[in-house]
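In this chain, numbering begins with 1 at the start of the sequence shown.
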Amino acid sequence: MALRTDIRNVAIIAHVDHGKTTLVDEMLKQSGIYRENEQITERVMDSNDLERERGITILSKNTAVHYRDVKINIVDTPGHADFGGEVERILMMVDGVLLLVDAFEGCMPQTRFVLKKALGLKKKVVVVINKVDRSGARPAEVVDEVLDLLIELGAAEDQLDFPVVYASARDGYSSLDETVSEGDMRPLLDLILEQVSPPEGDLDGPLQILFSSLEYDDYVGRIGVGRVERGTVSKGQPVALCRVNETVEQVKISRLYQFEGLHRVEVESAKMGDLVCVSGIADINIGETACSPACIEPLPFVKIDEPTISMNFLVNDSPFAGREGKFVTSRNIRDRLFKEVETNVSMRVENTDTTYSFKVSGRGELHLSVLIETMRRQGFEFQVSRPKVIFKEKNGQLLEPMELLVVEVPEQYAGTVIQSLGSRRGELEKMSARGSGTAYLEFKIPSRGLIGYRSEFMTDTNGNGIMNQIFAGYEPYKGEIETREQGSIVVHETGVSTGYGLFAAQDRGRLFIGPGMDVYEGMIVGECAKNEDVVCNVCKKKQMTNTRSSGADDALRLITPSTLSLEQCMEFINDDELLEVTPKTLRLRKSILPKELRMKKKYKK
C-alpha cells in the first residue's frame with residue numbers, strides 16, 4: 001500500500017444557505033487560479049440558471065486548488081435534503097469532509113443527514129464554524145451542539161476529537177481562534193492538509209475506477225466522473241466496464257481529464273487517488289466500475305435512500321395544448337424522463353397503465369419541481385398531478401414516510417404554528433428560545449402533512465418564519481389528515497377574461513389571473529373562500545344598452561391577483577386537479593373539464 005501525500009480529496013457538506021459555495025469561492029480566489037484581469041462571478045460553482053435564481057446548490061460540482069505543493073480536490077455539494085442523493089454518492093470520492101455550520105443557526109436538519117452519511121462511511125470530519133462575524137453568532141455553543149450531534153449519531157472515539165476552524169466565507173478569513181476577525185484562508189487550508197488523510201492504495205495494482213457522477217459535453221458526449229481506487233489509467237487504454245446489471249463490457253477510454261480550478265484539463269494519465277473524468281464510453285452510468293481486463297473486480301456502490309413522494313407526468317390534453325411547447329408527445333416526455341434518471345440516482349420513473357402518463361418519484365417537492373422547471377425551460381409541455389407520498393407495507397402494517405421539521409419563528413406566532421401542525425398530525429418534540437424573541441420548534445410529522453403547508457405557514461407567521469425538513473424514516477400510518485380547506489374558482493366557458501367578469505368573481509375568493517387572459521372551461525382561476533368549488537363566468541362582458549343610471553359607469557376596482565410560483569401551484573392542486581406546465585405559462589385546471597361530467601362523477605361516488 002502506498003500513500004499519495006501530494007493530493008487531498010475533500011467534500012464540503014452543510015445545511016442549505018450556510019455558505020458552502022461562498023467558501024469555495026474564497027478558496028479559489030486565494031489559491032491564485034484567476035488571472036489578474038479576470039472578471040470574477042459570485043457563487044461561481046452555482047453554474048446553472050436555476051441555481052443562481054433560487055440561491056441554492058442543486059448539483060454536486062468538482063474543483064481543485066493547489067496549496068503548498070499539494071493538490072486539493074474539492075467537491076461542493078447541495079445543502080437541501082431533497083438533493084441528498086447527490087451528497088450520498090459524492091462521499092464515495094473523498095477521504096474527508098468539511099462540515100460547515102452557521103455560527104448563529106447551529107446544527108440544522110440537513111447537518112444531521114449529511115453528517116450521518118459521512119460517519120457511516122468512516123470519513124474524517126473537519127468542522128468549520130462559518131459566519132462568525134454575524135450578529136448574534138455563538139460559535140462556542142455551536143461547537144458543543146456539533147459534539148452532541150456526533151454522540152447522538154454514534155460517532156467513533158477518534159471522530160469525536162474533531163478539529164475546529166472559525167471562518168467568515170463572505171469576508172475571506174479563517175482562524176483557529178474564534179475572536180480573530182481578519183486574515184485569509186490559510187488556516188483552513190493548513191488544517192485540510194494536516195487532518196484529511198491522503199489517498200491510500202495500490203499504485204501498481206490492476207486498474208479500478210468507481211464512477212460516482214456524470215457530466216455532459218456537447219462535443220464529446222457523456223463524461224463519467226470518478227476516483228481511481230487502484231492502479232494507473234492512461235488515455236486510450238482498453239478497460240472492462242462492470243455494469244450495474246452485473247454484465248461486463250469491453251470499452252476504450254478515448255479521453256482523460258482532471259479538474260484544475262474551474263476547468264477540466266485533458267491529461268495523459270492519472271494514478272490511484274486522483275479524481276478523473278473519462279469520455280468515450282457512450283452509455284456509462286453512475287455506480288459502474290472500470291477495471292483492468294485482466295482483473296475484473298467491481299466495487300460496491302453506496303446505497304441511495306429511496307424516494308418518498310411521487311407525481312404523475314401526463315401528456316397535455318387541454319384546449320390550449322401545443323400552443324407554446326416544442327416537445328408535447330408522450331414519446332418526447334418519456335425519453336426526457338428516462339434520460340433524467342440516468343444521472344439523477346435518487347429519482348425513479350415508471351410506466352403506468354396508460355401510454356400518456358408516467359409516475360415520477362423523488363425525495364421531495366423541491367426535487368420534483370426542479371425537474372419540472374428544467375423541462376419547461378427546455379421546451380416541454382405537459383401536465384402533473386398532485387404530489388403523493390409513497391406508502392410501504394411491512395408485516396401487514398401500513399407505513400408512511402415521516403419528516404423531522406425544524407421551525408424558527410418569532411415567539412408571538414409559535415402558538416399558531418403548533419396548532420396548525422397539530423391538525424396535520426405533527427408532534428412537538430422540542431421547544432426552546434433562541435436569541436431575541438425567536439422560538440425554535442422541532443416536530444415529527446408525516447410527509448403528507450407538509451404537502452401544501454408552506455404557503456399556510458408563511459401566512460401564519462406574516463412571512464417571518466423559517467422551516468426546514470428532512471426525511472426521518474417510515475412509521476405506522478398516523479390517520480387521515482384534512483389539508484386544503486378551500487375550494488376552487490372554476491371557469492364556466494372558453495374565452496378571454498374581462499374586468500367585468502372578474503369583478504363579479506372576486507367576491508367569491510382570491511383570484512390568480514387578471515383581465516385579458518385566455519381561459520378555457522374547467523380552468524382554475526382562483527381559490528374559493530368556502531370549502532366548495534364555484535363555477536364563474538370570468539369572460540362575461542357588460543351589456544351595451546342605451547339605459548343610463550347614476551353611478552352605473554363607475555370604474556370597476558379589481559384586487560391585484562395572486563401570482564403563484566411553480567411550488568405554490570404544486571401545493572395548491574387537489575386530487576381531482578392538474579397543473580398544466582408550458583414554457584411560458586402555468587395553468588391550474590380540473591382533470592375533468594366539463595362541469596356536467598364532473599357533477600356526474602361526484603354523484604356516482
- Query: In terms of ring plane angle, is the pair Phe572 and Phe512 parallel, tilted or perpendicular, where the classes change at 30° and 60°?
  - Reply: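 Correct class here is perpendicular.
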Would you say [X] has more than 12 foreign heavy atoms packed within less than 6.0 Å of its [atom1]?
X	atom1	result
Glu182	CD	no
Lys478	NZ	yes
Arg508	CZ	no

- Going through the checks in order, is the side chain to side chain donor-acceptor pair (under 3.5 Å) test met by Ser369 and Glu567? CA-CA 7 Å; Ser369 75; Glu567 280 84 6; 2.7 Å; yes
- Please name the residue in the list Arg448, Lys590, Arg386 that meets the salt bridge (charged side-chain N to carboxylate O under 4.0 Å, His left out) test with Asp575.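 Going through the options one by one, the only one that passes is Arg386.
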Would you say the side-chain atoms of [X] pair up with the backbone N or O of [Y], donor to acceptor, closer than 3.5 Å?
X	Y	value
Thr461	Val409	no
Asp177	Thr179	yes
Ser488	Ile524	no
Asp171	Tyr173	no
Ser423	Ser420	yes
Asn130	Ala169	yes
Thr352	Ser357	yes
Arg8	Val196	yes
Arg425	Glu480	yes
Glu194	Leu191	no

I'd like to know if [X] and [Y] make a salt bridge, using a cut-off of under 4.0 Å between side-chain N and carboxylate O.
X	Y	value
Glu105	Lys131	no
Arg510	Glu527	yes
Arg138	Asp102	no

- side-chain contact (heavy atoms from CB on, under 4.5 Å) involving Lys444 - partner list, sequence neighbours excluded: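 Here the qualifying residues are Met402, Glu429, Ala472, Glu475.
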- Give me the one residue out of Leu579, Leu588, Leu586 that meets side chain to side chain contact (heavy atoms under 4.5 Å, CB included) with Leu564.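 Testing each of Leu579, Leu588, Leu586 against Leu564, the sole residue satisfying side chain to side chain contact (heavy atoms under 4.5 Å, CB included) is Leu588.
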- Query: Under the criterion side chain to side chain contact (heavy atoms under 4.5 Å, CB included), which of Val360, Ile390, Val389 is the partner of Ser310?
  - Reply: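 Checked Val360, Ile390, Val389 against Ser310; only one passes side chain to side chain contact (heavy atoms under 4.5 Å, CB included): Ile390.
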- side-chain contact (heavy atoms from CB on, under 4.5 Å) between Met467 and Leu450: does it pass, once the steps are laid out? CA-CA 11 Å; Met467 60 180 273; Leu450 288 176; 4.2 Å; yes
- Within-4.5 Å side-chain heavy-atom neighbours: Glu577 and Ser591: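 Side-chain contact under 4.5 Å: no.
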- Item | Close side-chain approach of Gln568 to Ser562, heavy-atom, < 4.5 Å |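 Not touching, per the 4.5 Å side-chain cut-off.
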- Message: Using the rule given for side-chain contact (heavy atoms from CB on, under 4.5 Å), can you reason through Met93 versus Asn73, listing the C-alpha separation, both sets of side-chain angles and the distance that settles it, and then say yes or no?
- Response: CA-CA 10 Å; Met93 295 169 63; Asn73 286 309; over 6 Å; no
- Task: Would you check, one step at a time, whether the test ring pair (Phe, Tyr, Trp, His ring centres under 6.0 Å) holds for Phe313 with Phe382?
- Result: CA-CA 7 Å; Phe313 281 53; Phe382 54 97; 5.4 Å; yes
- Under 3.5 Å side-chain donor-acceptor pair for Glu400 and Ser447: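 Looking only at side-chain atoms, Ser447 and Glu400 do not form any donor-acceptor pair under 3.5 Å.
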- Message: Aromatic contact between Tyr474 and Phe391, with the criterion being ring centroids under 6.0 Å apart: yes or no?
- Response: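 No.
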